[in-house]
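We name chains A, B, ... by the order of the sequence lines, and we start the count at 1 in each one. Predicted model, so just to flag it, every value in this text is computed and none were measured.
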Number of protein chains: 2
Amino acid sequence: MVEITSKNAARQTFMPLMRELVRAYQAFSHYSADGFRLSGSSLTQPFTLGNTEGMTFKEIGDKTLITKGTLTGIIDRLEGKKLVKRRTDKQDRRRIMVRLTRRGERLFDTEFPRQIIWMKKKFSQLSKKDRDEAIRVLGLIREAFEAE
Amino acid sequence: MVEITSKNAARQTFMPLMRELVRAYQAFSHYSADGFRLSGSSLTQPFTLGNTEGMTFKEIGDKTLITKGTLTGIIDRLEGKKLVKRRTDKQDRRRIMVRLTRRGERLFDTEFPRQIIWMKKKFSQLSKKDRDEAIRVLGLIREAFEAE
DNA sequence: TATTGTTATACTCTATAACTATA
DNA sequence: TATAGTTATAGAGTATAACAATA
C-alpha cells in the first residue's frame, strides 16, 4: 500500500508527530476563551509582561521572537488601549521600558484567572501522569527546534 | 513562597503545560524552513489539499477552522499564484471545489519533501519512544479542546 | 428558507529597509 | 560604529455582516 522509499519513511515517521503538534496547538489556541485569545507569538499571551517590572523592547523581542518593527506596532496598540506604558531608561536613553499600567495589571488579574479556570476544565481531562508526560516531551520538542 | 489559593493551585497545575505547549509550537513553527512556513491554521499547511481530489470551501473551512470570508481571500491569493483552481460542482452549483493545479502539485512534491527532511533532522533528536509519547499526549490535548 | 461562497470593512500581525537618537 | 527603537511600506490572516446565487 505504501511505497518504501526514504521520502515515505520520513513521512511515516515524522508526519504524525508534526500533524499532532499542529492540531493540538490549533485546537488549544482556537478555542481559547474569548477576550483573551492566545495567538501564536503575540503579546496577548499572558506570559510576557504579567508579573514583571517591565521589559525593554529588546527583551520582549528576544522572548517572543517578534522583530522590532513589528513590536512597535503591537506596543502602540496596547498603549492605545492604556494597557501598557513606555518609559525611557535613565541609564541608557536608547532603551525603552514597557510595563503594564494599573489597568493592564487589572486586566491580567481578572481575565487571566478566568482563562486559567477555563483551561483547567480542559486540561483536567488528562491525568496527572499524562500532563507530566506532555510537559516533558513538549520540552524536548522545543529544545530540538531551538538548537542552532 | 507561593500562596495557597485555588487560583494559584490552578496556575501551578496547568500553567507549565500551557506554557510548554505554546513554546514548543512556537519553536516548531517559527523555525520552519523558509518558503513553506507553517502558520497557525493556514493553508500553507501541507496537510490540507495535498494528495486530495480537491475539497469544497465548506470542507476546507471545517478542517482548518477558517471562516468562509477569510478563506475566499486565501484561495484568491493561491489562485493568483496559480497553485490552486476553483471548479463549480455540477451536482450542487453552490459548491466550489478547490484543487491543486499541476504547478501546485509540483510545489508540494518538491517543497514538501524538502520540508520533511528538515523536520526529520529536528524530530530525530527525540527517541522513538518519546515521539510516540508525544503523539499520544498531543492527541489527548487535542481531544480535550475539541470536545463540545 | 437554508446553504454556499463573495464582497466590503476594519483590524492585527508579519518582515524589511531606511531612519533617528543615543552610546 | 554599533545598538535601540521608529517609521514607511507591503502583504497576509482574522472576523463580521450584508449580499447573490443556488437548493
So, OP1 or OP2 of C:dG5: does either fall under 4.0 Å of a side-chain N or O from B:Thr72?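 For B:Thr72, the contact criterion (side-chain N or O under 4.0 Å from OP1 or OP2 of C:dG5) is not met.
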Would one find a side-chain N or O of A:Thr70 under 4.0 angstrom from OP1 or OP2 of C:dC13?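 Answer no for this pair, as no side-chain N or O of A:Thr70 is under 4.0 Å from OP1 or OP2.
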Counting side-chain heavy atoms from C-beta on, which of C:dT4, C:dC13, D:dG13 comes nearest to A:Ile74?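 Minimum distance to the A:Ile74 side chain belongs to C:dC13.
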Closest listed nucleotide, where the reference is the side chain of A:Arg77 and the choices are D:dA4, C:dT4, C:dT12: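 Looking only at heavy atoms from C-beta outward on A:Arg77, the closest nucleotide is C:dT12.
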Length of the [atom1]-[atom2] vector between [X] and [N], whole Å:
X       : N      : atom1 : atom2 : answer
B:Leu65 : D:dG13 : CG    : C1'   : 14 Å
A:Ile60 : D:dA4  : CD1   : P     : 13 Å
B:Leu71 : C:dT6  : CG    : P     : 8 Å
B:Ile96 : D:dT22 : CD1   : C1'   : 11 Å
A:Met55 : D:dG5  : CE    : P     : 11 Å
A:Asp76 : C:dT14 : CG    : P     : 15 Å
A:Arg87 : D:dA4  : CZ    : C1'   : 16 Å
A:Ile66 : D:dA4  : CD1   : P     : 17 Å

Please check: side-chain N/O of B:Thr101 versus main-chain N/O of B:Leu83, any donor-acceptor pairing under 3.5 Å?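 Yes.
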Nearest heavy atom decides the nucleotide; on that basis, is B:Gly69 or B:Gly73 closer to the 5' end of DNA chain D?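 Taking each residue's closest nucleotide, the earlier one in sequence belongs to B:Gly73.
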To check you understand the geometry: which heavy-atom pair defines the closest contact between [X] and [Y], and what is its length?
X        : Y        : answer
B:Phe123 : B:Arg131 : O-CD, 3.7 Å
B:Arg142 : A:Glu20  : NE-OE1, 3.4 Å
B:Leu71  : B:Phe57  : CD2-O, 3.4 Å

Does the side chain of A:Arg86 reach to within under 4.5 Å of the side chain of A:Glu79, using non-hydrogen atoms?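 The answer is yes, as the side chains (C-beta and beyond) meet within the 4.5 Å cut-off.
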Annotated protein contacts, base or backbone, on nucleotides 18-23 of chain C with a non-hydrogen cut-off under 4.0 Å, one of B, S, - each: ----BS
Test: B:Glu105 and B:Arg102 ion pair at under 4.0 Å: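 Looking at B:Arg102 together with B:Glu105, the answer is no, because their closest N to O distance does not fall below 4.0 Å.
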Heavy atoms of other groups near B:Arg136 CZ, more than 12 under 6.0 Å: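 Yes - once you tally the heavy atoms of other residues, nucleotides and ligands closer than 6.0 Å, there are more than 12.
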